[in-house]
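In listed order, ligands and their atoms are each counted from 1.
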Amino acid sequence: MKNGVTIALSKGRILEDSLPLLRRVGIVPNEDPTESRRLVLDTNEPGVRLVIVRATDVPTYVRYGAADIGFAGKDVLLESGDGELYELFDLGIARCRLVVAEPRREDGAGHAPIRPRVATKYPNIAHRFFAARGVQADIVKLYGSMELAPIVGLADRIVDLVSSGRTLQANGLVEVDQITPVSAWLVANKAAMKLKHEAITSIMGRLELAVRA
Ligand code: ADP
Ligand code: MG
């Protein structure tokens, strides 16, 4: 966008943490995005607007300059990042972790198939993780409800986000490896960073202070 700063936010879990953080730096949307069906929202701050997109789409909007900056999950950045945007700093919100989980075994017997089938929304991360350990995994790409896959025999393991661990537990799964901690990062379009330097660094600086506080 020509003038002002457009911020891409995710629907879902990140949004719940994003709005309070923005409020702390003085940016308040004119309508509540958790209630409104509107996907573009003006804010109290002239020139600053929000676009509400799917979590996996935030890097795409920012990369193409449809948004100047965005709040993107580290999971999404690791899965699809290509260095085409700036990952500025950790916002410390929407914290969880990316883990490998498998069915809990009552007999305690080890179960490590030579070529495990792994169900995940994160095929690239999963492939890299297993390859680095010399394990050739067959990756099954899913878009949700990964926890179901081992129950119905679709996969031996899953790679998924966990926060409390309750969903794993409810489905008889145990965490066997942590791949990485995850949180939302501030990302920026490279060209916008030059062209709208003042406006972006102002928001960036305020966010950084709020995050450190
Ligand atoms: P979707 O179902 O569209 O993938 P989610 O709301 O489940 O959306 O996830 C969006 C983003 O929120 C994820 O990419 C991740 O960065 C973050 N996230 C997901 N699950 C959790 C969680 N349990 N705790 C904190 N953050 C999470
Ligand atoms: Mg989800």
Margin query: Quick check on side chain to side chain donor-acceptor pair (under 3.5 Å): which of T6, D42, T43 does R49 satisfy it with?
Written below: T6

Next item on the list: Could you name the option among E16, R54, R13 that has the heavy atom nearest to atom 2 (O) of ligand 1?
Entry: R54

Margin query: On a heavy-atom basis, I'd like to know which of I14, V58, L98 is closest to atom 12 (O) of ligand 1.
Written below: I14

Checklist line | Criterion salt bridge (Lys or Arg N to Asp or Glu O under 4.0 Å) on R115 and D138, from CA distance to verdict | finding: CA-CA 7 Å; R115 192 164 171 168; D138 283 332; 3.0 Å; yes

Note to self: Out of all atoms in ligand 1, which are within 4.0 Å of some heavy atom of G73? Include the element for each.
What the structure shows: 16 (O)

Item checked: With sequence neighbours excluded, residues passing side-chain contact (heavy atoms from CB on, under 4.5 Å) with L209 -> none

Next item on the list: Group every Ile, Leu, Val, Met, Phe, Trp and Tyr by side-chain heavy-atom contacts under 4.5 Å, then state whether L22 and L186 land in the same group.
Entry: yes

Next item on the list: Report yes if some N/O of K74 lies less than 3.5 Å from some N/O of ligand 1; otherwise report no.
Entry: no

Next item on the list: Check whether the side chains of R95 and S183 place a donor and an acceptor atom closer than 3.5 Å, and report yes or no.
Entry: no

Note to self: Tell me whether A94 has any N or O atom under 3.5 angstrom from an N or O of ligand 1.
What the structure shows: yes

Margin query: Side chain or backbone, does K11 bring an N or O within less than 3.5 Å of an N or O on ligand 1?
Written below: no

Note to self: Judged on heavy-atom distance to atom 13 (C) of ligand 1, which of D75, D17, V162, L15 sits nearest?
What the structure shows: D75

Next item on the list: Give the numbers and elements of all ligand 1 atoms closer than 4.0 Å to a heavy atom of L161.
Entry: 13 (C), 15 (C), 18 (N), 19 (C), 20 (N)

Note to self: Which residues pass the salt bridge (Lys or Arg N to Asp or Glu O under 4.0 Å) test with E31, not counting sequence neighbours?
What the structure shows: R38

Check: Should you measure from each heavy atom of G12, which atoms of ligand 1 turn up under 4.0 Å away?
Finding: 6 (O)

Checklist line | Residues L39, V53; criterion side-chain contact (heavy atoms from CB on, under 4.5 Å); working and verdict | finding: CA-CA 7 Å; L39 300 175; V53 304; over 6 Å; no

Margin query: With a heavy-atom distance limit of 4.0 Å, tell me whether V76 approaches ligand 1 through its side chain, its backbone, both, or neither.
Written below: side chain

Check: Closer than 4.0 angstrom: is that true for some heavy atom of K121 and an atom of ligand 1?
Finding: yes

Note to self: Less than 4.0 angstrom from a charged side-chain N to a carboxylate O is my criterion; do E87 and K74 meet it?
What the structure shows: yes

Checklist line | Under 4.0 Å to a heavy atom of R95 - the qualifying atoms of ligand 1, by number | finding: 24 (N), 25 (C)

